[in-house]
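Note that this is a predicted model, so its numbers are computed, not measured.
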Amino acid sequence: MKKLFIFLTAALCGFSACKSVTPLSQQMVRSQMARCQDASYLDYREGTYKWNYTPGLELRAFLDVYEAYGGEDILAYVDNWYDTLIQEDGSIKGFKLTNFSTDHICPGKTLFYLYDKTGKEKYRKAMDTLMEQVRMQPRTSDGAFWHKAAYPYQVWLDGVYMAEPFYIEYVSRYFPEEERMEAYNDIVNEFVTGGLHTYDAATGLYRHAWDETRSMPWADPATGQSAHAWGRAMGWYCMALLDVLDYLPQECEGRAKLLEILNHICDTLPQYADPATGLWYQVLDQPGREGNYLESTCCAMFSYTYLKAVRMGYIGADKLDYAKKIYNALVKEFISTDAQGLISLTRCCEVGGLGGKQNRMGDYAYYLSEPIRDNDSKGTGPFIWASLEMERIK
């Protein structure tokens, strides 16, 4: 029974008006926990504990549902994954600092909350372990982080989300006050530099990545840019802006620049949406092109972006109705329900990258070739956040 009316009704009317209906944020968490006996099964890991951004991202969203609605079993579910992977000395199983993968910084974002709730000192030590990587991360000539050691001199929009939200929360909590502003400016530089090098003036969108050396097969010899604006890459960039703006002080000069970037994106995205649904395509800068498809992870990220940005005053309140419309379209288009009543987020692109062993060229055909699946963590996490934002609206 696809798209059961009760679930869509909950999204359309809001939790405050339908208190007998379980909010969609909770439904997604409970559905995922029912499908995955513990967090090592999230994102199709099949019981393998691996320190990676995908379960870390989704588990952080789980904690936000716990914070909003309670449920000690949710906290225990999240804590078990981190407790299994983090040793008493703060070392992390499978983590190798010299890989300099920004992907491996991202799961640390959850540790701040877990440390506050559990008081486990090994979580505090693990944060220090990850911050050591941030301090040592190789950079381009203008100061932006390499995506990872395997991708030298490359800035990917994905990587901005992977590193900067952890970086700024650590700075806000643990840096001496006199050192914070320099770090805040460094964080702003990541967005400005990454944005400068990936921006496509012809579309107003941002390309997936940039290679400073122009040596990668996917890089334009003149600009170093990859060929397309990929939906999820821009979704990562938007969510990173939201997270960083939450901590960036008003007196930081770069704050205005980040707000300018976010507002530009929110003004531009509707031009690339599907006219029938208002949602977005896998290859963002090719709307309606043959083979292109509406892709749920980027749509969840953009929905969350509009809803939270309005609530926080990062974009104008006049966009609230549009934000709600997008969320309702997201639910209608992508949320399905099985015979057991568990909900799923459908049509998630499994992965998207550039270069590497697979020699991913970043052309149009490449992005369409990647597998599509349900309940990918890169979609369920942002869907939970978007739902929580919708549920805040009274």
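- The shortest side-chain heavy-atom distance between D43 and T380 does not fall under the 4.5 Å cut-off.
- Side-chain contact check for I187 versus L248: every heavy-atom pair is 4.5 Å or farther apart.
- Summarising the geometry of P165 relative to A240, their closest heavy-atom pair is CG-CA, 4.4 Å, with the distance given to 0.1 Å.
- By the 30° and 60° cut-offs, the orientation of the rings of W51 relative to W81 is parallel.
- Between F100 and F145, the distance separating the two ring centers is not shorter than 6.0 angstrom.
- Although no hydrogens or angles enter the test, the distance criterion places a donor-acceptor pair under 3.5 Å between the side chain of E295 and the main chain of C298.
- R232 has its side chain within reach of M301: a pair of non-hydrogen atoms, C-beta onward, lies under 4.5 Å apart.
- In the hydrophobic clustering of this structure, W156 does not group with M361; members are Ile, Leu, Val, Met, Phe, Trp, Tyr whose side-chain heavy atoms approach within less than 4.5 Å, directly or through other members.
- Taking hydrophobic clusters as Ile, Leu, Val, Met, Phe, Trp and Tyr residues chained together by side-chain heavy-atom distances below 4.5 Å, V351 does not share a cluster with I372.
- Within the 3.5 Å criterion, the main-chain N or O of R347 finds a donor-acceptor partner in the side chain of S296.
- Of the possible polar contacts, one joining the T102 side chain to the H147 backbone as a donor-acceptor pair under 3.5 Å is found.
- In summary, the aromatic rings of F302 and W280 are positioned with their centroids under 6.0 Å apart.
- Side-chain atoms of Y77 come within 3.5 Å of backbone atoms of D38 as a donor-acceptor pair (strictly under, hydrogens ignored).
- A salt bridge is defined here as a Lys NZ or Arg NE, NH1 or NH2 lying under 4.0 Å from an Asp or Glu carboxylate O, and R30 with D73 meets this definition.
- The structure places CH2 of W385 at 9.5 Å from CD of E58, a figure rounded to the nearest 0.5 Å.
- Residues meeting the side chain to side chain donor-acceptor pair (under 3.5 Å) test with S141, sequence neighbours left out: E212.
- Between Y237 and Y206, the ring planes lie tilted relative to each other; the angle falls in the 30° to 60° range.
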Might you work through the salt bridge (Lys or Arg N to Asp or Glu O under 4.0 Å) test for D321 and K325, ending with a clear yes or no? CA-CA 6 Å; D321 286 344; K325 179 181 176 182; over 6 Å; no
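- Cation-pi geometry between R214 and Y153 is not met at under 6.0 angstrom from the ring centre and within 45 degrees of the axis.
- In the model, E67 has a side-chain atom that pairs as donor or acceptor with a side-chain atom of Y113 under 3.5 Å.
- Between K148 and D158 there is no salt bridge, since none of the side-chain N atoms of the basic residue sits less than 4.0 Å from a carboxylate O of the acidic one.
- Across all non-hydrogen atoms, the minimal contact from Y322 to P270 is OH-CG, 3.4 Å.
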How far apart are the C-alpha atoms of R124 and E121, what are their side-chain angles, what is the distance that settles it, and do they pass the salt bridge (Lys or Arg N to Asp or Glu O under 4.0 Å) test? CA-CA 5 Å; R124 176 69 174 86; E121 279 302 314; over 6 Å; no
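- In the hydrophobic clustering of ILVMFWY residues, with side-chain heavy atoms under 4.5 Å counting as a link, L368 and L284 come out apart.
- Two residues are said to be in side-chain contact when any heavy atoms from C-beta on lie closer than 4.5 Å; T268 and L205 meet this criterion.
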Would M312 and L307 satisfy side chain to side chain contact (heavy atoms under 4.5 Å, CB included), going step by step from the backbone distance to the final call? CA-CA 9 Å; M312 297 298 294; L307 286 165; over 6 Å; no
Test salt bridge (Lys or Arg N to Asp or Glu O under 4.0 Å) on D83 and K120 and set out the steps. CA-CA 9 Å; D83 191 61; K120 294 179 182 178; 3.3 Å; yes
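- Figure legend: cation-pi geometry between R289 and Y364, with NZ or CZ positioned under 6.0 Å from the six-membered ring centre and within 45° of its axis.
- At distances below 3.5 Å, at least one donor-acceptor pair connects side-chain atoms of R207 with backbone N or O atoms of S226.
- Remark: aromatic rings of Y199 and H264 are close, center separation under 6.0 Å.
- A pairwise comparison of heavy atoms in L354 and A209 identifies CD1-CB, 3.4 Å as the closest pair.
- Considering all non-hydrogen atoms of both residues, D374 and T346 come closest at OD1-CA, 3.3 Å.
- Between the side chain of D211 and the backbone N or O of S215 there is at least one donor-acceptor pair closer than 3.5 Å.
- When ring centroids are compared, W230 and W236 stay outside the 6.0 Å threshold.
- Contact detail for C238 and I265: the closest heavy-atom pair is SG-CG2, 3.6 Å.
- Note: the hydrophobic cluster containing L157 does not contain W146 (ILVMFWY, side chain heavy atoms under 4.5 Å, direct or indirect links).
- Panel note: side chain S91, backbone Q87; no donor-acceptor pair is recorded below 3.5 Å.
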Between F166 and F112, does a ring pair (Phe, Tyr, Trp, His ring centres under 6.0 Å) hold up when you go through it step by step? CA-CA 9 Å; F166 172 85; F112 300 102; 5.3 Å; yes
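- Counting only distance, with no hydrogens or angles, the side chain of Q340 and the backbone of L342 share no donor-acceptor pair below 3.5 Å.
- In summary, E88 and K122 engage in a salt bridge, as defined by a charged side-chain N under 4.0 Å from a carboxylate O.
- A distance of 10.5 Å separates CD1 of I384 from CD of Q26, quoted to the nearest 0.5 Å.
- Formation of a donor-acceptor pair under 3.5 Å by the T198 side chain with backbone atoms of W210 is not found in this model.
- Salt bridge present: R173 and E169 bring a charged side-chain N and a carboxylate O closer than 4.0 Å.
- We find that R180 and E177 are not joined by a salt bridge, their nearest charged nitrogen and carboxylate oxygen being 4.0 Å or further apart.
- D142 and H197 share a donor-acceptor pair across their side chains, judged by distance under 3.5 Å alone.
- In the hydrophobic clustering of ILVMFWY residues, with side-chain heavy atoms under 4.5 Å counting as a link, Y151 and Y367 come out together.
- Remark: side-chain polar atoms of K93 are paired, donor with acceptor, to backbone N or O of T84 under 3.5 angstrom.
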